[in-house]
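Both ligands and their constituent atoms are indexed starting at 1 by order of listing. By convention here, the first residue in the shown sequence is residue 1. Given the structure is predicted, the values throughout are model-derived calculations rather than measurements.
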Amino acid sequence: MNSIKFTYEHFLQKACRQLGYDEVIFELLLTPSREIKLEIPLRKDDGSIVVFNGYRVQHHNARGPYKGGLRFHPAVDEQEVRGLACLMSLKTALVDLPLGGAKGGIDCDPRSLSHRELERVTRKFVEKIHRNIGTNIDVPAPDIGTNAQVMAWIQDQYSIIYGYTPSVVTGKPIVTGGSEGREEATGLGLSMVIRHHAKTHKLPLQDSQVVIQGFGNVGRHAAIELAALGCKIVAISDTQGAVYNPAGIDVQRAVAHKESIGSVVGMENVDVIDNSEIFSLPCDYLIPAALGGAINESNANRLSCKFVVEGANSPTTRVANDVLCERGIKVIPDILANSGGVIVSYFEWVQNIQHVHWKKEKVQEQLWEVVSEACELVWALSSEKQLSYREAAYQISTNRLKDAVFAAGI
Ligand code: NAD
């Protein structure tokens, strides 16, 4: 997971240098405000005890309360969470939300835990961290290995202590105060970024070929939304393997197959290919939507796409990013491409605070407005200063973050 650390640090440092900031400002923006490490013991259903490590890194809150996902995955560690927290501050700044950045996680494998064990782990986490989260303090959301159910347990455990507080988390079920459209927000937002880019640069979307690594929340909804725009989804993958059909995969069938047996492998009318082969398939848009570091030194030279659109957080390593630049493959960076999730999380938080419930149409209209505004700024700065999209996005967000940190006072 070191790839994440070096990647975000490098891009942030580059942005600071390009903006002419002193090295100490880079240090100030890089260093998290607070890092919390917790012991999470669990008594399993069979009576045995296991101990997990829990983390919450609160990066910066000069622009608003800390905000960021909670990841349950065995590879979670301090460095990964620290990097992802910084990315969240940059993401909320880029799309101009009044929020800061944070990230958390527990190094457990949710697939190896029963439903009740997962609930106990989640509630234990809240028991230990409740003083450091809250509506105006730090608002967690789902990420890899967590979902609306996990958010509902957090909300409930927190509400036992502080009274009914739906605004303590986002991405929760609609019946406990969740927002319409949050489930599909990241994938929909990603499709909006591609749509905005294609419209601005007069690129046809109809029948353009899309390859997606990862078929979880982000990958699945990106596939559904892009197929609805006329794109052809030619390959998808999950941990079990990858499937390919150059004539286009039936996305609804893939979703149903994944729901029934837990993988896209085994569905009809596709060839099964190795997971690593997915990166070299010819396509217009390659969307990494699984873990960090997926596009790296081992495969960057083999990519055969026109654009990489980063659905996952930090899926491209620093070295791979340079290789792609040299090869003329444009990268739409994570802090723009997957910002739809935090944008609708912000809408959910606003609805909770105001005790109102928006219709899905309103959520999606507002999402398009926020995404479009950020896209316009990134495309324009990139073209004006001859920057990559990542450099442009980082300059905009780093500048906003620095202004807020200095306005608040050192
Ligand atoms: P998820 O757990 O719902 O899905 C992850 C998917 O990736 C699963 O289908 C899994 O099988 C697959 N996967 C894991 N390792 C793989 C591998 N080596 N090869 C192929 N497939 C693999 O997680 P998610 O919420 O979809 O998040 C995916 C990424 O998007 C993460 O980097 C996350 O931080 C980022 N992200 C998520 C959101 C959100 O709202 N969920 C928002 C912004 C960014």
* Expected output: side-chain Arg182 to main-chain Lys172 donor-acceptor under 3.5 Å ->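 Looks like no, no N/O pair under 3.5 Å.
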
* Would you confirm whether Arg400, through its side chain, and Leu94, through its main-chain N or O, come within 3.5 Å as a donor-acceptor pair? =>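 It does hold such a pair.
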
* To do: Would you check, one step at a time, whether the test salt bridge (Lys or Arg N to Asp or Glu O under 4.0 Å) holds for Arg390 with Glu310?
  => CA-CA 11 Å; Arg390 196 190 307 277; Glu310 296 185 330; 2.9 Å; yes

* Sequence neighbours excluded, every pair satisfying side chain to side chain donor-acceptor pair (under 3.5 Å) that has a member inside residues 262-272 -> Asp238-Ser263

* To do: Mind jotting down which residue pairs meet the side chain to side chain donor-acceptor pair (under 3.5 Å) criterion with at least one end in residues 25-38? Sequence neighbours excluded, please.
  =>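 Listed once each, the pairs are Ser33-Tyr66, Arg34-Gln58, Glu35-Arg82.
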
* Asked: Around ligand 1, what residues show up once you keep those with a heavy atom under 4.0 Å from it?
  ->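 Around ligand 1, where the cutoff is 4.0 Å for heavy atoms, the contacting residues are Arg71, Asp143, Ile144, Gly145, Arg182, Thr186, Gln213, Gly214, Phe215, Gly216, Asn217, Val218, Ser237, Asp238, Thr239, Lys258, Asn275, Ala289, Ala290, Gly311, Ala312, Asn313, Asn338.
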
Please list, one pair per line, the donor and acceptor atoms closer than 3.5 Å that link side chains of residues 353-361 to other protein atoms, with sequence neighbours excluded.
from, atom 1, to, atom 2, distance (Å)
His357, NE2, Glu180, OE2, 2.9
Lys360, NZ, Glu184, OE2, 2.8

